[in-house]
Protein chains: 2
Amino acid sequence: MNIKEASEKTGVSSAAIRYYEKESLIPAIDRTEVGNRDIDDRIIRRIRFVTQMRAAGMSIENLRRYIQLFDAQEDNTKEQKALLQEQLAVMEEKRDDLQSAIDHLNYKLNHFYDHMETTEEELRALEREHADQVAQQDDGKASDGFDMND
Amino acid sequence: MNIKEASEKTGVSSAAIRYYEKESLIPAIDRTEVGNRDIDDRIIRRIRFVTQMRAAGMSIENLRRYIQLFDAQEDNTKEQKALLQEQLAVMEEKRDDLQSAIDHLNYKLNHFYDHMETTEEELRALEREHADQVAQQDDGKASDGFDMND
DNA sequence: CCTTGCCTTGAAGTACACATGAAGGTTTAT
DNA sequence: ATAAACCTTCATGTGTACTTCAAGGCAAGG
């Protein structure tokens, strides 16, 4: 598959695919005799993975490190694990910030008056109130929590 | 409180606070007789709110729109709600992307071999497997879900 | 043969979100 | 009274993540 087809398949521009290759976010792509990129499904999946991580807010630099750790199947497992766990912590914090903003917005949508300037204390109260609402609406599912941290 | 104190209190640089004011992410700040910004707690809370949303990956432009919607307590409630719901959908998708990446990473940390190039089908399988692990580890808390969507 | 349509590399341009610098004003301390 | 330590505005610089441009190569069709 040429780069244009890959671009159409992934929604990532040809230029961006070239850029990702140059930045080692995706592996070196095989070339045809005349030097054109010949992209297979492995590359497509990598591109999709990169897109997902970028959408989640990870920088190119961090993503490159992260991918190198994934790719390295050898030695220094301890350091690797530590680095991956750092990365994980960053991502979880980001997710929690997002969740907090989502709660904020959901509350606004339900109540519809200004509460943007609440303190963190008040925010927690709002979240509890929102959790109650969700519990009422969803009847029983009152989790609201992300408990998969180590 | 002057801008330096506000900066120290929020962890946001003075330059960024000025920038936020110029971009209407925070309201116009009162000045002293000599023209210096006099920042109160209302502004501090706004700055913190902006920081949170920025950390969650919202652009300045979207954040400005979002804040204008919050600030406008008048008329066209229907349009406002629609726009807020759009914003909410974007944020939820972002959160889900992040969660998917987190699951991916957690799985890697537990298994520690390369599975970055799995298809979406396989990823779902991994997530189920990971959910099972979490259920085992946390003994009973098998939520893993974000069920607060409307 | 020449246009169309794909591709290549390398360089330069762009948008966003600030950071930094210049030039100057005010209060406080020595 | 002169320096230190704040402040102001306005302009310009910076890093990131691409996009766009320039110059050219290869293959098919009219």
Side-chain angles (χ1 to χ4, degrees), chain A residues 1-40 43-44 46-68 87 90 94 97 101, chain B residues 1-40 43-44 46-68 87 90 94 97 101:
Chain A
M1 159 184 5
N2 67 20
I3 201 170
K4 204 194 184 197
E5 291 170 307
S7 168
E8 281 158 5
K9 226 176 175 181
T10 59
V12 175
S13 75
S14 299
I17 293 174
R18 293 195 193 97
Y19 174 71
Y20 288 161
E21 187 189 13
K22 212 170 109 194
E23 297 297 322
S24 307
L25 300 189
I26 56 183
I29 302 172
D30 292 340
R31 309 301 167 112
T32 64
E33 309 88 53
V34 299
N36 291 5
R37 286 173 182 79
D38 187 15
I39 297 174
D40 60 18
I43 304 290
I44 294 290
R46 279 270 182 131
I47 293 169
R48 293 212 167 109
F49 175 76
V50 169
T51 305
Q52 212 179 28
M53 299 300 265
R54 294 280 309 120
M58 194 172 299
S59 71
I60 299 291
E61 168 123 13
N62 279 330
L63 192 42
R64 182 179 29 232
R65 285 189 210 139
Y66 176 91
I67 284 173
Q68 278 168 3
Q87 198 50 265
V90 169
K94 216 161 205 168
D97 278 350
Chain B
M1 160 185 3
N2 67 20
I3 200 168
K4 203 193 184 197
E5 291 171 307
S7 168
E8 282 159 3
K9 225 174 177 182
T10 59
V12 175
S13 76
S14 299
I17 293 174
R18 294 195 192 97
Y19 174 72
Y20 288 163
E21 187 188 13
K22 212 172 107 191
E23 297 297 323
S24 306
L25 300 189
I26 56 183
I29 301 173
D30 292 339
R31 308 303 166 109
T32 65
E33 308 88 54
V34 300
N36 291 6
R37 286 172 182 78
D38 186 16
I39 297 175
D40 60 17
I43 303 291
I44 295 290
R46 279 270 184 131
I47 293 170
R48 293 214 167 107
F49 174 77
V50 168
T51 305
Q52 210 179 31
M53 300 299 266
R54 295 279 309 124
M58 194 172 301
S59 71
I60 299 291
E61 168 124 14
N62 279 330
L63 193 42
R64 181 178 30 230
R65 285 189 210 141
Y66 175 90
I67 284 173
Q68 277 168 5
Q87 199 50 265
V90 168
K94 216 159 205 171
D97 278 350

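For the numbers below, each heavy atom of this structure counts, side chains included, while hydrogens, waters and symmetry mates do not. Numbers restart at 1 for each chain; the letters A, B, ... are given by sequence-line order, proteins then strands.
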Protein-nucleotide distance (E21(A), atom CD; dC18(D), atom P), rounded to Å: 15 Å
Residue-phosphate contact under 4.0 Å: Y19(A) side-chain N/O, dT16(D) OP1/OP2: no
Residue N36(A), side-chain atoms from C-beta onward, closest of dA19(C), dT8(D), dT8(C): dT8(C)
Nucleotide dC18(C), atom P - distance to CD1 of I3(B) in whole Å: 14 Å
Closest nucleotide among dT9(C), dA17(D), dT19(D) to the A16(A) side chain: dT19(D)
Under 3.5 Å donor-acceptor, T51(B) side chain and I47(B) backbone: yes
Closest to side chain of I60(B), choosing from dC6(D), dC7(C), dA17(C): dA17(C)
Sugar-phosphate, base or nothing in reach of S59(B), heavy atoms under 4.0 Å: sugar-phosphate
Side chain of R54(A) - closest among dT20(D), dT8(D), dC18(D): dC18(D)
Value in whole Å for how far the P atom of dC16(C) lies from CZ of R65(B): 11 Å
Touch class at under 4.0 angstrom, heavy-atom based, for R18(B) against every strand present: base
Interatomic distance where CG belongs to D30(B) and C1' belongs to dT8(D) [whole Å]: 16 Å
5'-most by nearest nucleotide on DNA chain D - M58(A) or E5(B): E5(B)
Interatomic distance where CD belongs to E23(A) and P belongs to dT19(D) [whole Å]: 13 Å
Any R64(A) side-chain nitrogen or oxygen under 4.0 Å from OP1 or OP2 of dA17(D): no
D38(B) side-chain N/O to M1(B) backbone N/O, donor-acceptor pair under 3.5 Å: yes
Sole candidate of L25(B), I67(B), I39(B) that passes side-chain contact (heavy atoms from CB on, under 4.5 Å) when paired with R46(B): I67(B)
Whole-Å distance separating the NZ atom of K22(A) from the P atom of dT9(C): 10 Å
K9(B) and R48(B): CA distance, side-chain angles, deciding distance, side chain to side chain contact (heavy atoms under 4.5 Å, CB included) verdict: CA-CA 10 Å; K9(B) 225 174 177 182; R48(B) 293 214 167 107; 4.2 Å; yes
Atom-pair distance (CG on N62(A); P on dT16(D)), nearest Å: 11 Å
Close side-chain approach of R37(B) to R18(B), heavy-atom, < 4.5 Å: yes
Which nucleotide in dT8(C), dA17(C), dC18(D) has an atom nearest any side-chain atom of R37(A): dT8(C)
From dC18(D), dT26(C), dC6(D), nucleotide with atom closest to V34(B) side chain: dT26(C)
Salt-bridge present (E23(B), R54(B); N to O < 4.0 Å): no
Comparing S13(A) and N2(B) on DNA chain D - which has the more 5′ nearest nucleotide: N2(B)
I43(A) and its side-chain contact (heavy atoms from CB on, under 4.5 Å) partner, picked from I29(A), I17(A), T10(A): I29(A)
Bend angle of the helix from dC1(C)-dG30(D) to dT30(C)-dA1(D), end axes from five pairs each (to 10°): 30°
Length of the CD-C1' vector between E8(B) and dA5(D), whole Å: 13 Å
Side chain E8(B), main chain E5(B), donor-acceptor under 3.5 Å: no
